[in-house]
Amino acid sequence: MKNTIEKITSIPGVRGAAVITKDGLLIDKVFYDNESSEVVGAMVAQISREMENSLGKATDEIPILATIYSSNGEIVFLSQSDFIIAVLCEKKTNIGVITIKIKDIAVELKEQLKK
Amino acid sequence: MNSLEDDLSNSFDGNIGSERESVLVFVSLAEEFFKNGSFEEAINYCRMALQQIADLKEAKLLLYKCFVKLGLDKDADNMKIELISENPDDKEVQALFNDVEESIDEEKQIKNENEASTPDIINEPKHELVKSVDEAEEKIRSEDNTQSTDISNMPKHELVEAVDKAEEEIKSGTQEVSDTGMLSADQTENLLDNALSEINKIKGVLGSIIIEESGIIIKEKTVEGLDAEVASALFSTIFYVSEDSIEKLNLGQIDRVFIEIGKVRVYLFKGNGYIIGIFTEEIVKIGLIHVKAKQLLLNIKKVLGV
């Protein structure tokens, strides 16, 4: 699973990526500091829950992808039916590449979690 | 691979017509302020329009009228020269100058007549005012006017009090005039309605909503079937939850949020204590949406009069 996550963290500007349950529990992560992963995980799980309550449940076919742009960085996350992938990036990171990669690794992770 | 924003910015650059339309919204706002007597606000909006399109005739014409109204003759002259040099054969420009010059002459004439008939009691020192009242009394007595009894029977200290009161009333009256420079509720609603309509006109936009950061809906023009209350609560929560975590991560301030659910996209922008949510289809000119939303957020406080 770590190898799969590293496909994203190898992109320049990415500070870390994590796979978490819908409840916010960490499944696996590649982060440069522990604190960030916990904060990102908790935040992403809460926002994802609120979105699903309002907009409908995220499924593998129709996941929820969100990007939070701030003045010093960006957080991208993809919420599927069983897990959420969250990526913390620096400001100038190519979000287009992250968006494509995050969808790719979601498919891979789904297969891995089935095994 | 270019980033998504670069691609979209490029597509925005290619759409000059849409850009002009979006900038004309500022001129419309400026006209509303102008009609309302808020010339400085109108100037701000014209300048914003000119920042986007430097030679926008409509904005310059309005700017000229504002300068004239404010008595900024030098600025008005400069603008006139600029307009004539840019539009030498434009009849609209010429007609405007003629109209403005005629109205200036009329205003001057009315002002002169008023000055001749009405003394400037606000600026006149009190002792001179009393003196002039004495003179008026004398004149009335000498003319044996029946109306003179009211003033002539009044003791001088009461007369001074009456003058004080009149001065206060005039001053408060002046204040009321400047307060009316604020937009009425209907005007505010129209402006917000127009702003959201402009955003909704962008190809691919399904609806838009303006909410206060606590989640209260200010104005919405969303798609049928979408519960605006639920959406506004969600948008407010997203920013509320994110801001706390973003602060802990030292990421600065949240600029915007993008959400993709199936074929629907939601763009959220926050600024000045308000959130704008824009619902779109898959393919949309994000550059244009970004510009419009930012412009609206920049001016929303002025429009709402807070």
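Note on naming: letters A, B, ... go to the chains in the order of the sequence lines (proteins, then strands), and numbering restarts at 1 for each one.
- Looking at B:D227, there are no atoms closer than 4.5 Å to chain A (heavy atoms on both sides), in backbone or side chain.
- Within the structure, the ring pair (Phe, Tyr, Trp, His ring centres under 6.0 Å) test picks out no pair touching residues 82-115 of chain A (sequence neighbours left out).
- Heavy atoms of A:L78 lying under 4.5 Å from chain B are absent altogether.
- Screening B:I275, B:L296, B:I199 for a side chain to side chain contact (heavy atoms under 4.5 Å, CB included) involving B:I210 leaves a single residue, B:L296.
- By number of non-hydrogen pairs under 4.5 angstrom with chain B, the leading residue of A:V44, A:N72, A:V40 is A:N72.
- Contact count against chain A (heavy-atom pairs under 4.5 Å) is highest for B:L251 among B:V257, B:L251, B:D255, B:I261.
- The most heavy-atom pairs under 4.5 Å with chain A, out of B:V264, B:V266, B:V230, B:L249, come from B:L249.
- The backbone N or O of A:S70 sits less than 3.5 Å from a side-chain atom of A:K91, completing a donor-acceptor pair.
- With a 4.5 angstrom heavy-atom cutoff, B:T237 touches chain A only via side-chain atoms.
- Heavy atoms only, all atoms of each residue included: A:K101 and A:I11 are closest at CG-CD1, 3.7 Å.
- Ring geometry, B:F258 versus B:Y267: the interplanar angle falls from 30° to 60°, so the pair is classed tilted.
- With a threshold of 4.5 angstrom between heavy atoms, A:I75 approaches chain B through side-chain atoms but not through N, CA, C or O.
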Check your understanding: Does the side chain to side chain contact (heavy atoms under 4.5 Å, CB included) test come out yes or no for B:I238 and A:E50, once each step is laid out?
Key -> CA-CA 8 Å; B:I238 289 172; A:E50 294 290 344; 5.7 Å; no
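- Most heavy-atom pairs under 4.5 Å with chain B, from the set A:A42, A:A66, A:G73, A:S54: that is A:S54.
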